[in-house]
Amino acid sequence: MRRNILVLGSGFGGLSTVRELEKYVDPNDKITLVDRSESQVQGLSLLWLLRGWRTLEDVTVHPTKDALGKATHHVADVEQLDLPGRQVRTSKGVLDYDALVLALGAELNTAAVPGLDDALAAGVAAHYYTAEAAVDAHAKLTATTSGKVVFLVTRMPYKCPAAPYEGAMLASDLLAETGVRDNVSVDVYTPEPQPMPVAGPVVGAGVVQMLESQKIGFHPGRTVTQVDPAARELVFDDGERVSFDLLVFIPPHQAPAPVKAADLSPTGFVPVDAHTQKTIIDGVWALGDVASITLTNGKPLPKAAVFAKGQAEAVAQGVARHLGYDAPEPHFAGEGHCYLELGGHLAAKGAGDFYHPDGPKIEMSQPSEELHRAKEREEQEWLALWNAAPGRN
């Protein structure tokens, strides 16, 4: 009997899952990859769009027939999850499933902070969490000749824990290249107690030193409640107002609407087993940014593509075993890494065991040009998931 496997989302996690599934399931089984778009954006490269080292063409990819393998690409919006009925309603009809994989990622919700959308509309704010937004942020930074640039983390959690600090350092690097860095102050405000808190105090202190070496101010424990675009001010929860000339922010994130409506958790993000990615619903798995995993130190596993790609193998094995196939026992070990861009084609790398019983054991390497090149090689490998070729800086 042919079984139907639905994978919702064609990002790193979803595309990696359909490719892993082919190793274990019967060729007659139907694998359907559902996504609202025929194209994807290479998220690893968004910071390089901000810096001006990539173009939209470099980071926009279209999954090819070879990349999809035996999976069918169903281009439609996911509208509703009927978990009891084992169905997914899309804008192009209802799909039945025997196994369901949620890889829809996290959505941006700029409306969550009063005044943020108005600041975008007024042209005094930008972000870099979509390709088009990153291009706009690059243009605004390039046009900056003086004043104060503020990088703001609006809410927790958000994708890529290093992104606010990389963004600030790459902006500083760009402003130095345009010859105006001495005329522009750069500051980071965040509700976090330190940069990348999941990695521990040593890594956090190291990132602060990197910021200070570039004369970037770091302001932890600051939660924004409102943006005043007319006055160009941020209002924080303690009542303090901080001025800016250009605001570059990390947007608030939320679970995709159909996932949130399924009521699997108060936040909408989907709790899963840390090693198998299985949800409490039989026949349903979640991975990547839409999934929620609490580490032994009480902090969440970061939302990063490297984890989604690593989790895909465990998900595929779990799906195969659920359908009665012979597959290895699924086990995602929780190891991962991220690069931290400093500008000047330098990068550091944080790597380690996020599932260590005593809390994540992460070490940060010293910045080097070789690590920047290593990130470029990783970009090429990930783009190869879609059978695309990356650009060069």
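Numbers here simply count residues along the sequence, with the first being 1. No hydrogens, no waters, no symmetry mates; every other heavy atom, side chains included, goes into these values.
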Using side chain to side chain contact (heavy atoms under 4.5 Å, CB included), reason through Val41 and Thr130 one step at a time and then give a plain yes or no. CA-CA 8 Å; Val41 170; Thr130 69; over 6 Å; no
Starting from the C-alpha separation in whole Å, work towards a yes-or-no answer on side chain to side chain contact (heavy atoms under 4.5 Å, CB included) for Arg2 and Asn4. CA-CA 7 Å; Arg2 184 177 78 166; Asn4 292 321; 4.3 Å; yes
Start with the C-alpha gap between Glu379 and Arg54, add the side-chain angles, then the distance that decides, and say whether salt bridge (charged side-chain N to carboxylate O under 4.0 Å, His left out) holds. CA-CA 12 Å; Glu379 178 192 45; Arg54 294 291 185 271; 2.8 Å; yes
Please lay out, stage by stage, how Asp26 and Lys70 fare under the test salt bridge (charged side-chain N to carboxylate O under 4.0 Å, His left out). CA-CA 11 Å; Asp26 191 287; Lys70 72 183 295 293; over 6 Å; no
Glu376 and Arg373: salt bridge (charged side-chain N to carboxylate O under 4.0 Å, His left out), yes or no, with the steps? CA-CA 5 Å; Glu376 285 193 309; Arg373 290 190 292 269; over 6 Å; no
Test side chain to side chain contact (heavy atoms under 4.5 Å, CB included) on Glu369 and Leu346; report intermediate values, then the result. CA-CA 5 Å; Glu369 292 185 2; Leu346 297 174; 3.7 Å; yes
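More than 12 heavy atoms of other residues, nucleotides or ligands sit less than 6.0 Å from atom CD of Glu240. Summarising the local packing, NZ of Lys260 is surrounded by 12 or fewer heavy atoms from other residues, nucleotides or ligands at distances under 6.0 Å. In this structure, Ile280 places its CD1 atom where only 12 or fewer heavy-atom neighbours from other residues, nucleotides or ligands lie under 6.0 Å away. Around NZ of Lys159, the count of heavy atoms belonging to other residues, nucleotides or ligands within 6.0 Å exceeds 12. Within a 6.0 Å sphere centred on CG of Asp238, heavy atoms belonging to other residues, nucleotides or ligands number more than 12.
With ring centers used as reference points, Trp386 lies under 6.0 Å from Phe12.
Closest heavy-atom contact between Ala125 and Lys140: O-CE, 3.7 Å. Contact detail for Val75 and Glu38: the closest heavy-atom pair is CG2-CG, 3.6 Å. The shortest heavy-atom contact between Lys148 and Ser185 is CG-OG, 3.3 Å. Closest of all the heavy-atom pairs between Ala168 and Ile216 is O-CD1, 3.6 Å. In this structure, Leu68 and Glu22 approach most closely via the heavy-atom pair O-OE2, 3.8 Å.
In this structure, the side chain of Gln226 does not engage the main chain of Gly115 through any donor-acceptor pair within 3.5 Å. The closest donor-acceptor contact from the side chain of Ser10 to the backbone of Leu15 lies at 3.5 Å or more, if one exists at all. Of the possible donor and acceptor atoms, none in the side chain of Ser365 sits under 3.5 Å from a partner among the backbone N and O of Ala348. With hydrogens and angles ignored, the 3.5 Å screen pairs no side-chain donor or acceptor of Arg241 with any backbone N or O of Val235. Panel note: side chain Thr64, backbone Ala67; a donor-acceptor pair is recorded below 3.5 Å. In this structure a side-chain-to-backbone donor-acceptor pair under 3.5 Å is present from His253 to Pro251. With hydrogens and angles ignored, the 3.5 Å screen pairs no side-chain donor or acceptor of Ser172 with any backbone N or O of Arg181.
The hydrophobic cluster containing Val208 does not contain Val150, counting ILVMFWY residues as joined when their side-chain heavy atoms lie under 4.5 angstrom apart, directly or transitively. Put simply, Met169 and Phe244 are part of two different groups of oily side chains (I, L, V, M, F, W, Y) that touch within less than 4.5 Å, one to the next. Criterion: ILVMFWY side-chain heavy atoms under 4.5 Å apart, direct or through other members. Under it, Leu174 and Val248 are part of a common hydrophobic cluster. Following chains of ILVMFWY side-chain contacts shorter than 4.5 Å, one can reach Val153 starting from Met210, so the two form part of one hydrophobic cluster. Criterion: ILVMFWY side-chain heavy atoms under 4.5 Å apart, direct or through other members. Under it, Tyr189 and Leu170 are not part of a common hydrophobic cluster.
We find that Asp77 and Arg36 are joined by a salt bridge, their nearest charged nitrogen and carboxylate oxygen being less than 4.0 Å apart. A salt bridge does not link Arg51 to Glu341: none of the charged nitrogens lies less than 4.0 Å from a carboxylate oxygen. A salt bridge links Arg3 to Asp29: one of the charged nitrogens lies within less than 4.0 Å of a carboxylate oxygen. Between Asp182 and Lys215, none of the side-chain N atoms (NZ, or NE/NH1/NH2) sits under 4.0 Å from a carboxylate O, so this pair counts as no salt bridge. Of the charged side-chain nitrogens involved, at least one lies within less than 4.0 Å of a carboxylate oxygen, so that Glu370 and Arg377 count as a salt-bridged pair. Ion pairing between Lys375 and Glu378 fails under the 4.0 Å rule for side-chain N and carboxylate O.
Put simply, the side chain of Asp282 reaches to within 4.5 Å of the side chain of His322, judged on heavy atoms. In this structure, Glu329 and Arg321 have side chains that are in contact, with non-hydrogen atoms separated by less than 4.5 Å. Under the 4.5 Å side-chain criterion, counting only non-hydrogen atoms from C-beta, His73 is in contact with Asp35. Between Ile31 and Thr17, every side-chain heavy-atom pair lies at or beyond the 4.5 Å cut-off. Counting only heavy atoms from C-beta outward, the side chains of Tyr128 and Glu166 never approach each other to under 4.5 Å. The side-chain heavy atoms of Leu323 and Asp98, taken from C-beta on, include a pair separated by under 4.5 Å. Using a 4.5 Å heavy-atom cutoff, the side chains of Gln317 and Tyr24 are in contact. Here the side chains of Thr144 and Asp245 are not in contact, with every heavy-atom distance at 4.5 Å or above.
Here the options are Leu120, Val113, Val227, Val224, the test is side-chain contact (heavy atoms from CB on, under 4.5 Å), and the partner is Phe249; only Leu120 passes.
Residue Asn109 holds its CG atom at 4.0 Å from CD of Gln254, rounded to the nearest 0.5 Å. For the atom pair Lys299 NZ and Thr294 OG1, the distance stands at 11.5 Å (nearest 0.5 Å). Remark: Tyr165 OH to Thr190 OG1 distance equals 4.0 Å, nearest 0.5 Å. A distance of 11.0 Å separates OG1 of Thr32 from CG of Leu100, quoted to the nearest 0.5 Å.
Using cut-offs of 30° and 60° for the angle between ring planes, the Tyr355 and Phe332 rings count as perpendicular. Taking the six-membered ring where tryptophan is involved, the planes of Phe307 and Phe354 are perpendicular, since the angle between them exceeds 60° and thus also 30°. By the 30° and 60° cut-offs, the orientation of the rings of Tyr339 relative to His337 is perpendicular.
A donor-acceptor pair shorter than 3.5 Å can be found between the side chains of Asp117 and Thr110.
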